[in-house]
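What follows is a single structure, written as structure tokens, with notes after it.
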Number of protein chains: 2
Amino acid sequence: MVIIDAALTRFAEDGFDRATTAAICRTARIGSGTFFHYFPTKLDVLLAILELGTTETGNWFAAQRGRADPGGVLADYVVHAATEFADPRVAGFVKAVGAVMNDEQVAAALARDDAALHDGLLPWVEAAQAAGEVRVDVPAARLCAWVLVVLDGFVGRLAGESGFTAAAEQDMLLDTVQRLLSAGSPAAR
Amino acid sequence: MVIIDAALTRFAEDGFDRATTAAICRTARIGSGTFFHYFPTKLDVLLAILELGTTETGNWFAAQRGRADPGGVLADYVVHAATEFADPRVAGFVKAVGAVMNDEQVAAALARDDAALHDGLLPWVEAAQAAGEVRVDVPAARLCAWVLVVLDGFVGRLAGESGFTAAAEQDMLLDTVQRLLSAGSPAAR
DNA sequence: TGAATACTAGAGCGGTTACTCCAGGAAAGG
DNA sequence: CCTTTCCTGGAGTAACCGCTCTAGTATTCA
């Protein structure tokens, strides 16, 4: 859909509130009548984008079903995420969503997204624990949450103008997640 | 300053654009005349808050000067940061700032803040490397950036309604940073 | 006391924005 | 060919919001 793509661009660039519907229509090369024919509200476009992301993660994890190497799945997911972050609009969009998180509908959509991520990750972390590939001193659910912490921090830093790019830092991301998950305590101080 | 405190509250709750000056004045119990007497612009309040944070980090690191245990300083900084995040407004405020990052002045203030953090951290990481307490396979500057990645991810997650609180996750935060910095590669897969 | 200065309140203004409304195509179906 | 339904553009509108302005009140200093 042209509208969604244009809205994503504008949200990422200007944030939700500063991205005017007029600007979205301009970059989509449509009139405002068309816009509001498909989406009753500016917010609804944001919600639609969010849901797109949620189903995408659902699909990715569904495609992994049956694999026998839980550690490999976890690693693959991290690079998959990093690859998606290569689209420069993603980082900006995440920030834009943050600005309207208090909205009830947005919070619900975000919770659904988080649940998809969590539910996708959890079985693999548990399997990796059972296989002795991942530490067991922390429950799997908490480990999942912390993988997401690192991932969130990663996207957040991509927005700054410094030389922090998804491509250049991908290996460090993978290394960090592996350190987070690996058995054995950090070197004693 | 009453105004700054009220603005922090409103920004954290509603985001920058949705926090109206009228609302800020209401929670500060002042008239709009007073508000604009002290700050020419709504943006200027945000900038003032940002600068407050920057000088605060500067002061913290200045107070550590002369310590001989670089690893201890790093650990202390992490718990110091986590302690500050205990104020529930911090997480919301960080999100609010993200929405206006494209603004030139905000970007500059953010860059200054980042520089304060980076410059504060860097010498200690270098010292810890020299003392063999921290791995040397990654340059100190990049390690600093990644400590900030984890810290950013941490604040980001505090905003969600899940049971992710600064107090409960502080130990995990410290552990994660230590794993990130410690020598030795993650367990081979 | 009186004058000068600093602060405060809130009504109002100009500009902006999400959204409405309608008039006109373009398919689709017969 | 006509009719019905869907789609499209863009002018217009009502509401809102950052900020200005002015008239009034405290405070300071001599």
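Everything numeric in this text was worked out from a predicted model, so none of it was measured. Residue numbers start from 1 in every chain, and the chains themselves are labelled A, B, ... in the order their sequence lines are given, proteins ahead of strands.
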Counting only N and O atoms by type, is there a donor-acceptor contact under 3.5 Å from the side chain of [X] to the main-chain atoms of [Y]?
{"X": "B:R179", "Y": "A:R179", "answer": "yes"}
{"X": "B:K95", "Y": "B:G156", "answer": "yes"}
{"X": "B:Q129", "Y": "B:V138", "answer": "yes"}
{"X": "A:R29", "Y": "A:V2", "answer": "no"}

What residues, two or more places apart in sequence or in another chain, satisfy side-chain contact (heavy atoms from CB on, under 4.5 Å) together with [X]?
{"X": "B:D152", "result": "A:R157"}
{"X": "A:H37", "result": "none"}
{"X": "A:C25", "result": "A:I30, A:S32, A:F35"}
{"X": "B:A86", "result": "none"}

Inset, instruction - Taking only heavy atoms on the protein side, list every residue of residues 94-107 of chain A lying under 4.0 Å from any atom of DNA chain C, sorted numerically. - result: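 Those residues whose heavy atoms fall under 4.0 Å from DNA chain C, taken from residues 94-107 of chain A, amount to none.
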
Legend entry - A:D175 bridged to B:R135 by N-O distance under 4.0 Å: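 Yes, A:D175 and B:R135 are salt-bridged.
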
Inset, instruction - Output yes when B:R18 and B:E13 qualify as a salt bridge under the 4.0 Å nitrogen-oxygen rule, no when they do not. - result: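 Result for this pair is no, no salt bridge flagged.
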
Inset, instruction - Taking heavy atoms of chain A and a 4.0 Å limit, find me the 5'-most and 3'-most nucleotide of DNA chain D within that range. - result: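 From 5' to 3', the first and last contacting nucleotides are D:dC7 to D:dA11.
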
Can you pull out the residues from [range] that lie within a 4.0 Å heavy-atom distance of DNA chain D?
{"range": "residues 37-50 of chain B", "answer": "B:T41, B:K42"}
{"range": "residues 8-17 of chain B", "answer": "none"}
{"range": "residues 18-34 of chain A", "answer": "A:R29, A:I30, A:G31, A:S32, A:G33, A:T34"}

Could you go through residues 76-83 of chain A and list every donor-acceptor pair under 3.5 Å that involves a side-chain atom there, pairing it with any protein atom two or more places apart or in another chain?
| unit_1 | atom_1 | unit_2 | atom_2 | d |
| --- | --- | --- | --- | --- |
| A:D76 | OD2 | A:R67 | NH1 | 2.8 |
| A:D76 | OD2 | A:R67 | NH2 | 3.1 |
| A:H80 | ND1 | A:W60 | NE1 | 3.4 |
| A:T83 | OG1 | A:V79 | O | 2.6 |

Throw together a table of side-chain donor-acceptor distances under 3.5 angstrom for residues 43-53 of chain A, partners on residues two or more places apart or in other chains.
| unit_1 | atom_1 | unit_2 | atom_2 | d |
| --- | --- | --- | --- | --- |
| A:D44 | OD2 | A:T41 | N | 3.4 |

Legend entry - Terminal helix-axis angle for the helix from C:dT1-D:dA30 to C:dG30-D:dC1, with five pairs defining each axis and rounding to 10 degrees: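 The angle separating the two end axes equals 10°.
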
Inset, instruction - Compare every heavy atom of A:A75 with every heavy atom of A:Q178, then report the nearest pair and how far apart it is. - result: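 Distance-wise, the nearest heavy atoms are NE2-CB, 4.5 Å.
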
Legend entry - Nearest heavy atoms of A:A6 and A:T27, plus distance in Å: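 Heavy-atom minimum between the residues: CB-OG1, 3.1 Å.
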
Inset, instruction - Report yes if the side chains of A:F11 and A:K42 come closer than 4.5 Å at any heavy-atom pair, otherwise no. - result: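 Yes. Closest side-chain heavy atoms under 4.5 Å.
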
Inset, instruction - In whole angstrom, give the distance that lies between atom CZ of A:F36 and atom P of C:dC19. - result: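 In whole Å, C:dC19 P lies 5 Å from A:F36 CZ.
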
Inset, instruction - Answer with yes or no whether the hydrophobic clustering places B:L148 together with A:F164; edges join I, L, V, M, F, W, Y residues whose side-chain heavy atoms lie under 4.5 Å apart. - result: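 Result: yes, single cluster for both.
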
Inset, instruction - Identify whether A:F16 and B:V100 are in the same connected component of the hydrophobic contact network (ILVMFWY, side-chain heavy atoms under 4.5 Å). - result: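 A:F16 and B:V100: separate clusters.
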
